[in-house]
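Down below is the structure, laid out as structure tokens.
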Amino acid sequence: MRAENSAIQSSSIAVARPVGTLRAAPAIRSTAAGPEAVGGPRSRPVPGPSAGRSGTVLAGLGVVAFSLTFPATAWGLESFGPWSLVALRSVLAALIAGSVLLAARVPLPDRRHWAGLAVVGGGVVVGFPLLTTLALQTSTTSHAAVVVGLLPLTTAVLGSLRTGERPSRTFWTAALAGAAVVIAFTVQQSGGALASGDLYLFGALLVCAAGYTEGGRLARSMPGWHVVGWALVLCLPLAVAGSLVALPLEPVHLNAHGVLGLVWVAAGSTFLGLYVWYRGMAAIGVARASQLQLAQPLLTLVWSFLLLGEEMSAAAPVAAVAVLVCIAATQRAGRGAARESRRIRS
């Protein structure tokens, strides 16, 4: 009996070891399967209600910052030529971003992110500012707002293709209706005539939508301000070279408006605006965030009236109400899709 008991005890001890090994295995599998371990793309978590609300607020703050860009650019053109203004705003914004990244000791992005950062830099740091600044030499800020009227829909389409988002039919109906309202209003505001800078404006539309889409995708795997910061730093050599070439060739007449306009487009629109915009976009999705920009042309018209003295038609309040209804519809459709995704995953 003692021999049998001894054998049984030995067997129990022998079995205990593999059991302990099995208990540790899930932790090993979980670590190995993590996306950061293999460098693969992370699956985008479905945002909860609180994250959706905060994301909407952040994206909305970005829209407010962007709505001041055209009036601030018009002010900046009082002191600088178009090429000098764009180059200087990029240099100042990159210096701000680089200082913040350095102070926070942010490591360099992964190699797989640099191509996306180049798209962001080319679209929203260089392309959109340059093309719209050239357009504003011959167009009013009211007319240039037609670009922003088409930008939400263009960004939603590119975002759906690039990130795999699939908004509902209700979302697309409201987005198309909002775009139609904004386009009709801005064309009516400009008298229905096409300006000579429209080619610049339509080019700006495409490059900006591409930059927004790629930045929103990157903001899922790295903080939004990292996306903005590294995109600006990446463009710094080109901006410095542009400043050295443009400043001697274009006259500079410093005044308060010109300096304030330059500071805002550098610190406000280019750095702070993109920072909150990409954080909000990462929280609620590219398509849903983009539709908040339906309000941007109307906000730009308000700023143009207050800061530049441009006229505003009596149709503005009607258009504002119609746009707000469309924005509410797109956000409600987006929240419904998010709730359904959470229900399926749970």
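Excluded from the calculations below are hydrogen atoms, water molecules and symmetry mates; all remaining heavy atoms, backbone and side chain alike, are included.
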Could you check if a side-chain atom of [X] sits within less than 4.5 angstrom of a side-chain atom of [Y], using non-hydrogen atoms only?
| X | Y | result |
| --- | --- | --- |
| Y278 | M222 | no |
| E214 | L158 | no |
| P82 | E250 | yes |
| L68 | L307 | yes |
| V157 | W172 | yes |
| Y200 | T138 | no |
| W83 | T133 | no |
| F128 | L205 | no |

Aromatic ring pairing W114/W230, orientation class (parallel under 30°, perpendicular over 60°, tilted between):
perpendicular

Could you give me the CA-CA distance, side-chain angles and deciding distance for L274 and Y212, then say whether side-chain contact (heavy atoms from CB on, under 4.5 Å) is met?
CA-CA 9 Å; L274 288 175; Y212 281 169; 4.1 Å; yes

So does [Y] get a backbone contact from the side chain of [X], meaning a donor-acceptor N/O pair under 3.5 Å?
| X | Y | value |
| --- | --- | --- |
| D110 | H113 | no |
| S79 | H253 | yes |
| S67 | Q296 | no |

Minimum heavy-atom distance [X]-[Y], with the two atoms named:
| X | Y | answer |
| --- | --- | --- |
| V181 | A322 | CG1-CB, 3.9 Å |
| P129 | R89 | CB-NH1, 3.4 Å |
| T300 | P71 | CG2-CD, 4.1 Å |
| L117 | V227 | CD2-O, 3.6 Å |
| A282 | R220 | CB-N, 4.3 Å |
| G229 | L101 | C-CD1, 3.7 Å |

As an exercise, state the distance from [atom1] of [X] to [atom2] of [Y], rounded to the nearest 0.5 Å.
| X | Y | atom1 | atom2 | answer |
| --- | --- | --- | --- | --- |
| R217 | M281 | CZ | CE | 13.0 Å |
| L272 | I96 | CG | CD1 | 7.5 Å |
| L136 | L131 | CG | CG | 11.0 Å |
| L299 | Q293 | CG | CD | 11.0 Å |
| L58 | L292 | CG | CG | 11.0 Å |
| L201 | C208 | CG | SG | 12.0 Å |

Cluster check [X], [Y]: I/L/V/M/F/W/Y, side chain < 4.5 angstrom:
| X | Y | value |
| --- | --- | --- |
| L85 | L236 | no |
| L206 | L199 | no |
| L244 | L249 | no |
| F202 | V126 | yes |
| L130 | V245 | no |

Would a line drawn from the ring center of F70 to the ring center of W303 be shorter than 6.0 Å?
no

L88 and L247: side-chain contact (heavy atoms from CB on, under 4.5 Å), yes or no, with the steps?
CA-CA 9 Å; L88 287 174; L247 283 173; 4.0 Å; yes

Apply side-chain contact (heavy atoms from CB on, under 4.5 Å) to the pair T73 and T132, showing each step before the final yes or no.
CA-CA 9 Å; T73 300; T132 53; 5.7 Å; no

Quick one: do R288 and T56 satisfy side-chain contact (heavy atoms from CB on, under 4.5 Å)? Show the steps, please.
CA-CA 9 Å; R288 186 175 161 195; T56 301; 3.7 Å; yes

